Amino acid sequence: MGKRTAKVAPEIIEQNSAVKENVEKHNADSGEHLDEGFENDTRMQEEVLRNEATGFNARLLYLSQFADSVIKNLFIHLGDAIQKHTWWFIVVPLALGIACSTGLSRVEIQWNAEALYTPKDAPSFNDRNSADEVFSVATRIATIYSVGNPEGTNMLTAASLTAWYDVWSNITTFKFRYNGTIQSLDNICIAARDGRCQFTTIFAFWNYNRSVIASLSDSELNQTIVDAEYKAVELSGTTTTFDSIARLDANGNTISMRMQFFLAEELESIDGEGDNDPEIVEWERELTSMLQSTDWGPITVVSLTQWTVDLDDIHLLAFGYILLIFYATFVLSRNSSVHSHGSLALVSFISSGTATAACFGLGIYLGLEFSTIIETLAFLLLGLGMDDTFVLVSAFQHPDFVDLSTKERVQSALARAGAAITVTSCTDLAAFLAGAYTNIPVVQAFCLNAVIGVTFDFLLQITVFVAAMLLSAQRESKGLADWLCCMRIRRPEARCMGAGTLNCVAEPPLTNFIRRWYVPNLLKPIGKAVAAAITDPYLEDAFYIRDAYWDSSQIPVSFYTFDGPYASEAVQEDLAALSVALDDNEYLEPDSCLNWWSSFIAFAKVNASTDVIRTTTGVEIVAPDAFNNTFQRFLLDEYSFPFQSYLILKPRNTPSATRIPCLMKLNDTSAQYRIDQMIALRRVVQLVASLDAVVYAQPFPFIDGLKVIQEEIY
């Protein structure tokens, strides 16, 4: 082993020496020499190789050392070229970035969350389309939340309920202007067969009679709900459960309520906005404004619509950009107006901004999907660009380099920092390229855009920013001020803040600011006021109420059966098996299913017992030859009233399609639980082998996306 070590190490050292000689020769040709820091680094690396290089490790060290030397050599050549053609390295890369950014003129934002987060071949899309052909399936829901004022007070009182009723009344009657015409909720809602909008509120327990609500005492209001067994029929014919519209505290008091409006989304391709429903967007905007500007007395009311969620996602991004610019300016500044390089922060921001615009524009030219998620890439690219800036300027201001000539200083900084920013950029590219193989559309588009952005970011940093850093070094050598580069400072060593002479390694202004001013004042009243000023209190309240009271609320799910011979023994047996499976399902809330079949059999047993027979499998069904007549009598009886909107009938009042709505449990909010829940419910509909049947809930497309992510990771 010792002989092998003695044989390999000299070869590595010889190779390293050859690389060093080539670099020194290049500098000798240009009349310059490498900085002492680079020579010291090389000698240290040689010493490490002599002491540690053995066998396979020696080969790895050789490759690492060789790659590092090549990268340093390339950056030294780059520094030489930038010194000779400084403005070319500013103008040409910026022009290329601006040319690519022209693709932004063709931008169309994709707003459809399902198109972004769900694979295109997800089974939930087919299931929803099948259900939507017969029943109107809500793809957009506007939710209004309320709590007592003050929070925690009982809302099941005449005063609170009438105020809450006024909220509902205003929402259902207020008008808004769209395309020059007056519109209302009736124009955008999902309507029942009688044309009424579908919504869920607590007022179904009193048949939407405000006078009745106002005349009842607190105990009478509560007794009405108890007598109805916590279920009520809406104006549209659908059934509402108390648990889906109210939340109780430990003492049984109603402390929060919600109402939901089901909207018929009709997506349009809108220039600059992609696919969206502009009519619903306008309604949501006007709704939020109306609720926010009205005093609702004993209750606090907030809305949570897709428009408010989109607004919350992006309204602080601009503030983040400004903070990052100020932060970078502080980091790059020093106490001397001459030796400070704070203006380079602006150059870095321009470089990163150009890289971001070029990334978006080129991505659009290449056909990549653009969305608000892709917009957040701007912040990531700005951070990566600023990180490269800090590394370059840190090397540029290294104490060993500050006394070198401008050219030597830039070359030495590039040789020292070039390998670091190259390696980090390459690892970022590798990570995003790997992520581009996902089947989740938005993740794929994000990763491909990130690959383009990181490439532009890196190229603009090592060209435009390094050229600006060279100009800043020339300014510094001439005694000109940072930011005011035409102003010559008579005393270059004078400090901008405080007395004394310049100390390049002294505490920078940012560290001084954070230690002496920021932390001590952050928790004082004025600091809290500033922090509160940068948030939207209305959105904060909306998300707080949702998370505090409704985050664990049950999710509606429906089981659909379609056209077939419902009178046949096989279909009835399958419907009976489906009913049993729903009653005993661990993923559904107990007694939450509004099952028309169970009610139909109960009606037949009470009103036409001779028509009910028991099959060889022990299942009770209606005799096939008596099914149609029994079903028609069922439709006229109160047994069927809660299910009228869940039955689609043929001309002779026999079933054509049916729907059984239920509530899913949310005992666990983990992704794995929701995936298992969706899979289990899909297995239930397989029991109806004699009919086409599907199960669908609004979160299913997104859970399909979670399932794909889980499969790709594991």
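The shown structure was predicted, so the numbers you read here are calculated from the model rather than taken from an experiment.
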Compare every heavy atom of [Y] with every heavy atom of [X], then report the nearest pair and how far apart it is.
| X | Y | value |
| --- | --- | --- |
| D457 | L384 | OD2-CB, 4.0 Å |
| V454 | S425 | CG1-O, 3.9 Å |
| S352 | M386 | OG-N, 4.3 Å |
| A467 | I82 | CA-CG2, 3.7 Å |
| F456 | C100 | CZ-SG, 3.7 Å |
| C447 | A436 | CB-N, 3.7 Å |

Check: [X] side chain, [Y] main-chain N or O, donor-acceptor pair, under 3.5 Å:
| X | Y | answer |
| --- | --- | --- |
| T118 | A115 | no |
| R682 | V695 | no |
| T329 | I325 | yes |
| N449 | A445 | yes |
| D388 | I421 | no |
| D68 | S64 | no |
| S101 | I98 | yes |
| S289 | R285 | no |
| T427 | T424 | yes |

Please round to the nearest 0.5 Å and tell me the distance separating atom [atom1] of [X] and atom [atom2] of [Y].
| X | Y | atom1 | atom2 | answer |
| --- | --- | --- | --- | --- |
| L706 | I440 | CG | CD1 | 8.0 Å |
| L263 | I280 | CG | CD1 | 4.5 Å |
| E284 | F261 | CD | CZ | 12.5 Å |
| I374 | T376 | CD1 | OG1 | 7.0 Å |
| Y145 | T300 | OH | OG1 | 15.5 Å |
| Q260 | T143 | CD | OG1 | 4.0 Å |

Practice problem: Go through the steps to decide whether Q698 and I555 satisfy the test side chain to side chain contact (heavy atoms under 4.5 Å, CB included), and finish with yes or no. | Solution: CA-CA 8 Å; Q698 194 176 30; I555 296 176; 5.8 Å; no
Practice problem: Give a yes or no on whether F326 atom CZ has more than 12 heavy-atom contacts from other residues, nucleotides or ligands under 6.0 Å away. | Solution: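 No, because the 6.0 Å sphere around CZ of F326 holds 12 heavy atoms or fewer from other groups.
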Does the side chain of [X] reach to within under 4.5 Å of the side chain of [Y], using non-hydrogen atoms?
| X | Y | result |
| --- | --- | --- |
| T356 | L377 | no |
| Q411 | F401 | no |
| Q474 | K407 | no |
| C426 | T422 | yes |
| V410 | V466 | yes |
| Y117 | I373 | yes |
| D704 | M678 | yes |
| R106 | Y365 | yes |

Self-check item: Distance-only side-chain donor-acceptor flag, R475 / S472, under 3.5 Å
Solution: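 Yes - a donor-acceptor pair under 3.5 Å links their side chains.
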Quiz item: Can you tell me if E712 and T438 form a side-chain donor-acceptor pair at under 3.5 Å?
Solution: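 Yes - a donor-acceptor pair under 3.5 Å links their side chains.
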Quiz item: How far apart are the C-alpha atoms of W283 and I171, what are their side-chain angles, what is the distance that settles it, and do they pass the side chain to side chain contact (heavy atoms under 4.5 Å, CB included) test?
Solution: CA-CA 10 Å; W283 180 82; I171 293 174; 3.9 Å; yes
Quiz item: After noting the C-alpha distance and the side-chain angles of E711 and N439, does the key distance pass the side chain to side chain contact (heavy atoms under 4.5 Å, CB included) rule?
Solution: CA-CA 10 Å; E711 292 170 350; N439 286 325; over 6 Å; no
Exercise. On the 0 to 90° scale, with breaks at 30° and 60°, tag the Y696-F700 ring pair as parallel, tilted or perpendicular.
Key: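 Perpendicular.
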Exercise. Please lay out, stage by stage, how K707 and R674 fare under the test side chain to side chain contact (heavy atoms under 4.5 Å, CB included).
Key: CA-CA 9 Å; K707 184 172 178 288; R674 297 193 180 191; over 6 Å; no
